[in-house]
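All values below were derived from every heavy atom in this structure, side-chain atoms included, with hydrogens, water molecules and symmetry-related copies excluded.
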Amino acid sequence: VGNGQSITATLQQIGDSNFAQIECGTGTFNLCNKLNFNAIFTGNSNSLNYNGSASDITSSLSITGNQNLLNMDILGDKSSQVIAITGDQNTLNVKQEVGAMNGHSLDIALVGSGNSITTYQGGPVDTLININSVGNNGTFNFNVHY
């Protein structure tokens with residue numbers, strides 16, 4: 001914990017060959033104040049690459065299924081993410097950058113397999129991306145920058 005800030009991290013992996021690489025800041029803890037990160041994997045061969053370096057990052061991930069891949073770069077002030085996946089072989093690429101006064105917000109509820117979701121949020125205006133999808137083999141690309 002850096003500069004008196006709080007960091008909460010919870011990770012539970014159930015199943016075989018799951019992988020998580022979580023980096024908080026860029027080598028100093030004070031760039032990751034108030035992180036509050038939660039994740040639960042249920043299944044096999046799920047992979048999470050998570051990078052964060054902002055003041056108020058929050059996340060809540062829940063992955064049920066096999067061979068799901070999440071790449072997350074959370075680099076903005078006061079960002080917020082909630083992601084729930086049920087299914088197999090889904091790929092998510094999430095990026096939030098500095099700029100929003102109250103925070104960019106991302107909410108993904110995905111039920112299905114073989115989906116690909118790419119999101120980018122940046123700029124000084126707060127943005128919200130809310131994806132609720134039930135289906136297979138979909139491709140979603142969101143690029144929001146104000």
Side-chain angles (χ1 to χ4, degrees), residues 1-13 18-43 46-146:
V1 179
N3 291 339
Q5 300 296 324
S6 63
I7 296 173
T8 303
T10 305
L11 177 67
Q12 178 183 13
Q13 296 177 324
N18 291 311
F19 172 80
Q21 175 181 339
I22 302 163
E23 297 179 20
C24 189
T26 59
T28 58
F29 289 116
N30 64 344
L31 292 177
C32 206
N33 10 334
K34 298 183 182 180
L35 173 62
N36 192 12
F37 169 85
N38 299 293
I40 297 174
F41 297 169
T42 303
N46 292 300
S47 181
L48 171 64
N49 298 305
Y50 187 94
N51 299 302
S53 63
S55 60
D56 291 331
I57 302 170
T58 43
S59 293
S60 178
L61 309 170
S62 178
I63 303 166
T64 303
N66 301 306
Q67 298 176 345
N68 293 291
L69 172 62
L70 279 76
N71 296 306
M72 299 181 69
D73 276 326
I74 310 304
L75 308 170
D77 290 340
K78 301 176 184 176
S79 295
S80 177
Q81 313 83 40
V82 175
I83 297 174
I85 299 173
T86 303
D88 303 323
Q89 298 176 340
N90 295 295
T91 301
L92 273 66
N93 295 298
V94 172
K95 186 169 188 175
Q96 292 177 318
E97 289 189 328
V98 174
M101 178 184 248
N102 295 308
H104 299 296
S105 184
L106 175 67
D107 189 348
I108 298 174
L110 178 61
V111 177
S113 297
N115 294 292
S116 175
I117 297 176
T118 300
T119 64
Y120 169 78
Q121 293 170 279
V125 175
D126 296 335
T127 62
L128 165 66
I129 296 176
N130 187 353
I131 301 169
N132 189 352
S133 176
V134 178
N136 299 318
N137 302 314
T139 300
F140 304 90
N141 293 300
F142 296 92
N143 185 346
V144 182
H145 187 276
Y146 289 102

* Classify the side-chain pair Asn38/Ser60 by whether it contains a donor and acceptor separated by less than 3.5 Å. => no

* Polar side-chain atom of Asn46 near backbone of Gly65 as donor-acceptor pair, under 3.5 Å -> yes

Got a second to check how far [X]'s [atom1] is from [Y]'s [atom2], nearest 0.5 Å?
| X | Y | atom1 | atom2 | result |
| --- | --- | --- | --- | --- |
| Gln96 | Thr127 | CD | OG1 | 7.0 Å |
| Thr119 | Leu92 | OG1 | CG | 7.5 Å |
| His104 | His145 | NE2 | NE2 | 7.5 Å |
| Ile131 | Ile108 | CD1 | CD1 | 4.5 Å |
| Thr10 | Leu61 | OG1 | CG | 11.0 Å |
| Asp88 | Asn136 | CG | CG | 9.5 Å |

How close do [X] and [Y] get, counting heavy atoms only, and between which atoms?
| X | Y | result |
| --- | --- | --- |
| Phe41 | Leu48 | CZ-CB, 3.5 Å |
| Met72 | Gln81 | CE-CG, 4.1 Å |
| Gln121 | Leu106 | OE1-CB, 3.8 Å |
| Ile129 | Tyr120 | CD1-O, 4.4 Å |

* To do: Apply side chain to side chain contact (heavy atoms under 4.5 Å, CB included) to Val94 and Ile74, showing your working.
  => CA-CA 8 Å; Val94 172; Ile74 310 304; 4.2 Å; yes

* Partners passing side-chain hydrogen bond (donor to acceptor under 3.5 Å, both in side chains) against Gln89 (at least two apart in sequence or in another chain) ->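 For Gln89 the side-chain hydrogen bond (donor to acceptor under 3.5 Å, both in side chains) partners, ignoring immediate neighbours, are Gln67.
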
* What pairs meet the side chain to side chain donor-acceptor pair (under 3.5 Å) rule with one or both residues in residues 105-115, with sequence neighbours excluded? ->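 Output for this query lists Asn90-Asn115.
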
* Asked: Phe19: what forms a side-chain contact (heavy atoms from CB on, under 4.5 Å) with it, not counting sequence neighbours?
  -> Gln21, Ser47, Asn49

* Go through Ile85 and Leu70 one step at a time and tell me if the side chain to side chain contact (heavy atoms under 4.5 Å, CB included) criterion holds. => CA-CA 10 Å; Ile85 299 173; Leu70 279 76; 3.7 Å; yes

